[in-house]
Amino acid sequence: MDAFKGKFERTSADQYEEFLKALEVNFLLRKAATVSTPVMDITEADGTWNIKTSTTLKTMELKFKLGEEFDETTPDGREVTAVVTFEDGKIVTVQKAKKDGQKSTKSVREMNGADELVYTMTVDGMDSLVCVQKFKRV
């Protein structure tokens with residue numbers, strides 16, 4: 001997982017607004033999210049990983065130990081039970097909604113070469129909607 005450590009800036013986002021709409025994120029937040037250029041900073045200390053994603057409006061942190069389930073409130077306000085694993089060279093995050101009617105998601109971060117991180121997000125039950133964001137190392 002050491003290949004993931006570092007700082008990355010988003011270079012593209014396909015289907016991102018559609019993904020946010022599927023999660024019922026309101027119009028203004030969707031617009032803010034899609035026009036921003038987030039920076040993702042991935043660090044690790046003593047087995048605890050931290051993925052910090054920052055924009056001019058907001059900073060979100062995902063702190064985890066691989067394979068350990070934890071409770072999380074997502075940036076769009078969903079209460080989820082999450083677990084992060086490392087599978088086939090990819091960081092896989094599964095977020096299961098705690099409340100009926102809310103969506104569960106899966107995200108996969110993988111390296112494409114040494115300097116590009118590909119971040120793929122899906123919503124359970126919506127197989128045709130795949131959001132792909134690409135980040136370059138800075």
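No hydrogens, no waters, no symmetry mates; every other heavy atom, side chains included, goes into these values.
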How long is the straight-line distance from [atom2] of [Y] back to [atom1] of [X], given to the nearest 0.5 Å?
| X | Y | atom1 | atom2 | answer |
| --- | --- | --- | --- | --- |
| E72 | K96 | CD | NZ | 14.0 Å |
| L62 | T53 | CG | OG1 | 8.0 Å |
| N50 | D41 | CG | CG | 8.0 Å |
| S54 | E61 | OG | CD | 8.0 Å |
| S107 | I91 | OG | CD1 | 9.0 Å |

Hey, quick one: are [X] and [Y] part of the same hydrophobic cluster, counting side-chain heavy atoms closer than 4.5 Å, chains of contacts allowed?
| X | Y | value |
| --- | --- | --- |
| M111 | V39 | no |
| Y16 | L29 | yes |
| M126 | F19 | yes |
| M60 | V80 | no |
| L117 | V130 | no |

Applying salt bridge (Lys or Arg N to Asp or Glu O under 4.0 Å) between E24 and each of R30, R78, K103, report the one that passes. K103
Take atom [atom1] in [X]; do more than 12 heavy atoms of anything else shown fall under 6.0 Å from it?
| X | atom1 | result |
| --- | --- | --- |
| D88 | CG | no |
| K98 | NZ | yes |
| K106 | NZ | no |

Quick one: does [X]'s side chain have a donor or acceptor within less than 3.5 Å of a partner on [Y]'s backbone?
| X | Y | value |
| --- | --- | --- |
| T85 | E87 | no |
| T105 | V123 | no |
| R10 | S36 | yes |

Do you know the tightest heavy-atom contact between S104 and A97?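 Looking at all heavy atoms of both residues, the shortest contact is OG-N, 2.9 Å.
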Can you give me the closest heavy-atom contact between L129 and A22, atom names plus distance?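 Taking L129 first and A22 second, the nearest heavy atoms are CD2-CB, 3.6 Å.
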Evaluation steps, side chain to side chain donor-acceptor pair (under 3.5 Å), between T48 and D46: CA-CA 6 Å; T48 298; D46 300 323; over 6 Å; no
From the list K134, R109, E110, side-chain hydrogen bond (donor to acceptor under 3.5 Å, both in side chains) partner of Y119 resolves to R109
Hey, mind stepping through E69 and T81 against side chain to side chain donor-acceptor pair (under 3.5 Å) and telling me if it holds? CA-CA 7 Å; E69 209 170 73; T81 299; 5.3 Å; no
Can we say R137 and E9 salt-bridge, meaning some charged N sits less than 4.0 Å from an Asp/Glu carboxylate O?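 Judged by the 4.0 Å cut-off on N to carboxylate O distance, R137 and E9 do not form a salt bridge.
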Are the charged groups of E44 and K5 less than 4.0 angstrom apart, N to O? yes
Taking the six-membered ring for Trp, are W49 and F64 parallel (under 30°), tilted (30 to 60°) or perpendicular (over 60°)? parallel
